[in-house]
Amino acid sequence: MTQEVRVRFAPSPTGPLHIGGVRTALYNYLFAHKMGGKFIIRIEDTDQSRFVPGAEDYIRESLDWLGIQADESPWTSGEVGPYRQSERKADYMQYAVELVEKGHAYYAFDTPEELEAMRERLTAARVVQPQYNNITRTQMKNSLTLPAGEVQRRLESGDPYVIRVKIPRQEEVRLKDLIRGWVVVHTSTLDDKVLMKSDGMPTYHLANIVDDHLMGITHVIRGEEWLPSAPLHVLLYKYLGWKDSMPEFAHLPLLLKPDGNGKLSKRDGDKLGFPVFPIDWENQKDGASAPGFREQGYLPDALLNFLAFLGWNPGDDRELFTKDELIEAFSLERIGKSGTKFDIEKAKWYNEQYLKNMDNEVLAEFIIADAAKDGFELSKELATAAAALNKERVTFPQELWPASKLLVIAPQSFDEKIASKRWNQDAIKVLNQYISRLGDFEAGFNPESAKEELAAAAEAEEIKMGKVMQAVRLAVTGSGAGPDLMRVFSILGKDEVIKRIEFALSELTSID
RNA sequence: GGUCCGUUCGUCUAGGGGUUAGGACGCAUCCCUUUCACGGAUGAAACACGGGUUCGAUUCCCGUACGGACUACCA
């Protein structure tokens with residue numbers, strides 16, 4: 001019997017969703033769809049002190065923008081909700097108590113000061129790893145060392161306590177990671193992690209295991225930072241009697257800084273000038289902000305495609321994949337083992353590829369909107385033509401309007417360097433000849449005829465057209481570089497071209 | 001420091017006991033072209049190091065080096 005695949009993405013609402021988190025969500029999403037299973041989003045908000053207002057909405061909006069929809073989440077319905085851990089609070093304690101009763105956990109009453117003192121003592125004694133473990137717990141205040149009566153009294157009187165897992169002394173924990181193979185850890189290196197905090201909330205470790213079990217999760221696909229605590233999770237599944245239904249694990253390689261070493265962080269983005277968050281973020285409390293890919297002009301499908309290839313590849317040379325194609329090609333086996341440096345240049349390349357494949361009509365909307373901000377009202381026809389003219393020349397949609405301005409605004413000034421090099425008598429003669437011919441021109445004005453007329457004008461003056469093209473471009477656009485001139489002429493229309501040339505002729509003085 | 005994970009061009013990667021070690025981004029040159037860009041072609045550029053196993057190792061094994069993660073009543 002094969003059970004339905006169920007995977008989850010479980011972010012904490014402690015700030016903006018990091019781009020690495022987005023990739024984790026994407027891999028979960030792709031795997032779920034590939035396997036015909038379900039993708040679940042669960043909000044892990046068990047740390048009240050780090051809760052950031054707006055963070056959950058941010059997560060939702062980000063994934064929404066990228067089209068990473070959940071089958072079950074706090075914002076949709078589902079059979080195994082609630083999907084917010086703070087709303088599942090009542091569930092966790094019973095499992096923690098069950099562990100205590102089974103002898104796999106215990107109550108600990110140590111104050112933060114006492115814990116600190118313990119660590120200092122251990123450090124002073126040259127213990128390399130000062131931790132609360134199977135050795136040190138014998139000297140601390142917990143239900144293992146205190147008389148049963150006192151434990152009972154403290155519990156009843158409301159003394160603050162936590163519940164810690166009781167890690168066995170000498171045991172090997174083995175777990176099979178889908179990406180890394182067998183990982184073996186000795187329990188002597190593990191510490192007695194807190195399962196229930198003194199505020200009555202579970203820690204990640206407990207909540208995660210309980211919820212994954214209750215929600216029927218079959219595959220845990222998460223970042224490599226969780227690998228060290230995975231043995232603890234395996235132990236918990238065992239102690240809770242859930243070993244047979246324990247999910248499979250796949251720990252993803254991390255996203256690294258583009259330069260130097262280390263994990264990709266917000267600072268890297270600031271320093272190198274690119275976003276590390278999907279969409280713009282502003283902290284409602286402290287006003288801290290961070291730029292997002294969306295606002296920078298990255299297209300969702302392009303970003304998705306780029307992200308998918310950070311640590312995964314289909315095994316052949318194809319690089320451009322729609323979301324459906326990604327789902328079809330995706331497999332956990334083809335995820336790499338090593339960390340991946342973040343290369344923004346590749347992201348830009350993906351954006352260019354997607355941008356030039358977009359419909360001109362769609363791109364026209366960007367141009368119309370941006371032009372409106374500058375006070376220009378563009379027709380759909382003009383904007384569409386502008387999109388076709390420029391979409392292969394830019395990286396981001398917002399570059400389209402600036403690139404298209406020359407179609408709307410006649411040049412007021414002219415590039416001096418080009419003028420001083422190209423504005424000569426030959427150019428002036430050809431231009432005069434051209435506008436006079438254009439004045440009489442009755443047939444359809446299009447790129448071909450515009451060029452034919454220009455060629456004829458040049459020929460009449462016995463001047464090679466190529467020699468004066470730069471000057472012609474300068475006269476009509478004010479610049480020495482730009483899109484195909486004859487297409488520009490065609491969009492501008494005959495009358496506007498004549499007007500602009502006349503203006504240039506009156507403004508510029510010849511170099512010879 | 002300890003535990004765990006990793007290491008193919010600058011970057012993302014394919015490959016795998018015998019290959020001219022393949023592709024992509026970026027870079028350079030050339031072509032196309034009225035310019036810039038697009039596109040096309042070409043080029044520079046990699047198996048971390050040392051042992052072993054083997055007829056043969058970049059590929060398998062062991063070390064070393066280097067990198068990373070973790071080492072909280074955070075996730």
Side-chain angles (χ1 to χ4, degrees), chain A residues 10-14 21 44-47 49-50 85 108 110-112 115 119 126-132 160-164 177 179-181 183-186 188-191 193-205 207-208 222-231 251 253-254 256-263 306 309-320 334 336-350 352 356 390-394 403 418 422 451 454 464-474 477 479-486:
Chain A
S12 281
T14 54
E44 309 222 326
D45 54 350
T46 54
D47 186 357
S49 65
R50 289 209 310 157
Q85 287 183 330
D110 316 277
T111 64
L115 290 172
R119 290 194 187 99
R126 292 259 192 72
V127 174
V128 283
Q129 260 176 299
Q131 56 183 17
Y132 207 120
Y161 68 91
V162 299
I163 295 178
R164 287 180 181 271
D177 186 273
I179 294 172
R180 281 149 223 288
V183 177
V184 184
V185 176
H186 200 90
S188 62
T189 66
L190 268 26
D191 63 339
K193 281 270 182 299
V194 169
L195 264 20
M196 288 297 292
K197 298 183 270 192
S198 56
D199 65 0
M201 279 292 213
T203 58
Y204 171 88
H205 304 292
N208 194 262
R222 76 230 297 191
E224 194 186 358
E225 68 266 28
W226 293 111
L227 193 52
S229 53
H251 289 94
L254 264 16
L256 271 20
K257 296 174 189 290
D259 65 339
N261 301 298
K263 206 159 80 163
F306 167 68
F309 273 72
L310 249 30
W312 171 88
N313 75 83
D316 56 38
D317 287 345
R318 292 176 301 157
E319 294 203 275
L320 263 11
R334 294 207 61 86
K337 291 177 170 60
S338 48
T340 300
K341 287 187 183 172
F342 195 83
D343 181 13
I344 197 66
E345 291 304 323
K346 192 87 182 212
K348 286 182 183 168
W349 177 79
Y350 269 108
E352 287 162 3
K356 68 181 177 191
N390 287 311
K391 69 176 178 181
E392 285 185 2
R393 312 172 54 78
V394 301
I418 303 294
R422 305 286 183 185
K451 189 170 187 174
L454 183 61
K464 291 190 84 172
M465 188 173 78
K467 285 190 72 179
V468 298
M469 280 307 290
Q470 279 285 88
V472 176
R473 174 180 295 280
L474 183 72
T477 69
S479 155
D484 185 89
L485 233 206
M486 294 307 130

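Below, chain A is the first sequence line, B the second, and so on; all start at residue 1.
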Quiz item: Can you check the A/Asp317 CG to B/C25 P distance for me, whole Å?
Solution: 11 Å
Quiz item: How is A/Thr14 classified with respect to the nucleic acid when contacts are heavy atoms under 4.0 Å: base, sugar-phosphate, or nothing?
Solution: nothing
Quiz item: With respect to the side chain of A/Glu345, which nucleotide from B/U34, B/G6, B/C25 is positioned closest?
Solution: B/C25
Self-check item: G-U wobble or Watson-Crick pairing nucleotide for B/U64 (cut-off 3.5 Å, both distances)
Solution: B/A48
Quiz item: Rounded to the nearest Å, what distance is computed from the CD atom of residue A/Glu319 to the C1' atom of nucleotide B/G26?
Solution: 13 Å
Quiz item: In terms of side-chain heavy atoms of A/Arg180, which of B/C5, B/A75, B/U34 is nearest?
Solution: B/C5
Quiz item: Using a cut-off of 4.0 Å on non-hydrogen atoms, how would the nucleic acid contact of A/Gly480 be classed: base, sugar-phosphate, or nothing?
Solution: base
Quiz prompt | Ion pair A/Glu224/A/Arg180, N-O distance below 4.0 Å | solution = yes
Quiz item: Within the structure shown, what part of the strands sits under 4.0 Å from A/Pro231 by heavy-atom distance: base, sugar-phosphate, or nothing?
Solution: nothing
Quiz item: NA contact type, A/Gly311, heavy-atom cut-off 4.0 Å: base, sugar-phosphate, or nothing?
Solution: sugar-phosphate
Practice problem: Could you work out which one of B/C5, B/C73, B/U35 sits closest to the side chain of A/Val183? | Solution: B/C5
Exercise. Measure the distance from CG on A/Asp484 to P on B/C38 and round it to the nearest whole Å.
Key: 15 Å
Quiz item: So does A/Asn313 get a side-chain nitrogen or oxygen closer than 4.0 Å to the phosphate oxygens (OP1/OP2) of B/U13?
Solution: no
Quiz item: Hey, is NZ on A/Lys467 packed in by over 12 heavy atoms from elsewhere, all under 6.0 Å?
Solution: no
Quiz prompt | Atom pair distance, as rounded to whole Å: CH2 in A/Trp226 and P in B/G6 | solution = 20 Å
Self-check item: Side-chain N or O of A/Ser12 closer than 4.0 Å to phosphate OP1/OP2 of B/C74
Solution: no
Self-check item: 5' priority, RNA chain B, between A/Glu225 and A/Pro11 [closest heavy atom]
Solution: A/Glu225
Self-check item: Which nucleotide in B/U35, B/A75, B/C12 has an atom nearest any side-chain atom of A/Gln470
Solution: B/U35
Quiz item: When all nucleic acid strands are considered with a 4.0 Å heavy-atom cut-off, which category describes A/Val394: base, sugar-phosphate, or nothing?
Solution: nothing
Practice problem: Using only heavy-atom distances, determine whether the side chains of A/Arg222 and A/His251 contain a donor-acceptor pair under 3.5 Å. | Solution: yes
Quiz item: If you check every side-chain atom of A/Ser338, which of B/U7, B/C25, B/C73 has the closest atom?
Solution: B/U7
Quiz item: In whole Å, what separates the P atom of B/A44 from that of B/A24?
Solution: 15 Å
Quiz prompt | Sugar-phosphate, base or nothing in reach of A/Leu254, heavy atoms under 4.0 Å | solution = sugar-phosphate
Exercise. Tell whether A/Ser198 reaches the base of B/C73 with its side chain through a donor-acceptor pair below 3.5 angstrom.
Key: yes
Quiz item: Do the rings of A/Phe306 and A/Phe342 sit parallel, tilted or perpendicular, given the 30° and 60° boundaries?
Solution: perpendicular
Quiz item: So how far is it from A/Thr203 OG1 to A/Met196 CE, rounded to the nearest 0.5 Å?
Solution: 8.5 Å
Quiz prompt | Separation between the C1' atoms of B/C27 and B/C60, rounded to whole Å | solution = 37 Å
Quiz item: In whole Å, what separates the P atom of B/U11 from that of B/A48?
Solution: 12 Å
Quiz item: Counting just side-chain N and O atoms, does A/Lys197 come under 4.0 Å of either OP1 or OP2 of B/C74?
Solution: yes
Quiz item: Quantified in whole Å, what is the C1' atom distance between nucleotide B/A46 and nucleotide B/U19?
Solution: 15 Å
Self-check item: Heavy-atom side-chain contact between A/Leu190 and A/Val185 under 4.5 Å
Solution: yes
Practice problem: Quote, to the nearest angstrom, the C1' distance that separates B/C47 from B/A57. | Solution: 11 Å
Quiz item: Taking the same atom, C1', in B/G43 and in B/G50, what whole-Å distance lies between them?
Solution: 34 Å
Practice problem: Report yes if a side-chain nitrogen or oxygen of A/Lys356 is closer than 4.0 Å to either non-bridging phosphate oxygen (OP1 or OP2) of B/G39; otherwise report no. | Solution: yes
Quiz prompt | Sugar-phosphate, base or nothing in reach of A/Arg334, heavy atoms under 4.0 Å | solution = sugar-phosphate
Quiz item: Are any side-chain N or O atoms of A/Lys197 and backbone N or O atoms of A/Ile163, one a donor and one an acceptor, separated by less than 3.5 Å?
Solution: no
Self-check item: Minimum-distance nucleotide (side-chain atoms of A/Trp349 versus B/C12, B/G26, B/U35)
Solution: B/G26
Quiz item: Base, sugar-phosphate alone, or nothing: which one does A/Val162 contact when heavy atoms must sit under 4.0 Å apart?
Solution: base
Exercise. Would you mind telling me which of B/A75, B/G26, B/C4 lies closest to the side-chain atoms of A/Leu227?
Key: B/C4
Exercise. Rounded to the nearest angstrom, tell me the gap between atom CD in A/Glu392 and atom C1' in B/C38.
Key: 5 Å
Quiz prompt | Pairing nucleotide - B/C25, Watson-Crick or G-U, each distance under 3.5 Å | solution = B/G10
Practice problem: Would you classify A/Arg119 as touching base, sugar-phosphate or nothing, given that sugar-phosphate means primed atoms plus P, OP1 and OP2, and contacts are heavy atoms under 4.0 Å? | Solution: sugar-phosphate
Quiz prompt | Presence of salt bridge, A/Asp191 and A/Lys193, under 4.0 angstrom | solution = yes
Exercise. Between B/G6, B/A24, B/C12, spot the one nearest the side chain of A/Lys346, thanks.
Key: B/A24
Exercise. With the side chain of A/Lys263 defined as its heavy atoms from C-beta on, choose the nearest nucleotide among B/U7, B/C70, B/U34.
Key: B/C70
Quiz item: Taking it one step at a time, do A/Lys346 and A/Glu319 satisfy salt bridge (charged side-chain N to carboxylate O under 4.0 Å, His left out)?
Solution: CA-CA 11 Å; A/Lys346 192 87 182 212; A/Glu319 294 203 275; 3.3 Å; yes
Quiz item: Which is true for A/Asp110 with a 4.0 Å heavy-atom rule: it touches a base, it touches only sugar-phosphate, or it touches nothing?
Solution: base
Quiz item: So what does A/Tyr204 hit on the nucleic acid, given a heavy-atom distance under 4.0 Å: a base, only sugar-phosphate, or nothing?
Solution: base
Exercise. Provide the distance between the two C1' atoms, one in B/U13 and one in B/U29, to the nearest whole Å.
Key: 26 Å
Quiz prompt | Shortest side-chain distance from A/Lys341, nucleotide among B/C12, B/U34, B/U3 | solution = B/C12
Quiz item: Can you find a side-chain donor-acceptor pair between A/Asp110 and A/Tyr132 that sits under 3.5 Å?
Solution: yes
Quiz item: Under 4.0 angstrom, heavy atoms only, what part of the nucleic acid is A/Lys348 near: base, sugar-phosphate, or nothing?
Solution: nothing
Quiz prompt | Protein-nucleotide distance (A/Gln85, atom CD; B/C73, atom P), rounded to Å | solution = 18 Å
Quiz item: Between A/Thr340 and B/U13, does any side-chain N or O lie under 4.0 Å from OP1 or OP2?
Solution: yes
Practice problem: Scan A/Asn390 against the nucleic acid and name what it touches under 4.0 Å (heavy atoms): base, sugar-phosphate only, or nothing. | Solution: nothing
Exercise. Could you pick out which residue, A/Leu310 or A/Glu352, lies toward the 5' side of RNA chain B when each is mapped onto its nearest nucleotide?
Key: A/Leu310
Self-check item: Protein-nucleotide distance (A/Lys467, atom NZ; B/U35, atom C1'), rounded to Å
Solution: 17 Å
Practice problem: May I have the distance from A/Arg222 (atom CZ) to B/A69 (atom P), rounded to whole angstrom? | Solution: 17 Å
Quiz item: Now, which nucleotide makes the Watson-Crick or G-U wobble pair with B/U3, with each of the two distances under 3.5 Å?
Solution: B/A69
Quiz item: Which whole number of Å gives the distance between the P atom of B/A41 and that of B/C49?
Solution: 33 Å
Quiz item: How would you label the contact of A/Arg50 with the nucleic acid (heavy atoms, under 4.0 Å): base, sugar-phosphate, or nothing?
Solution: base
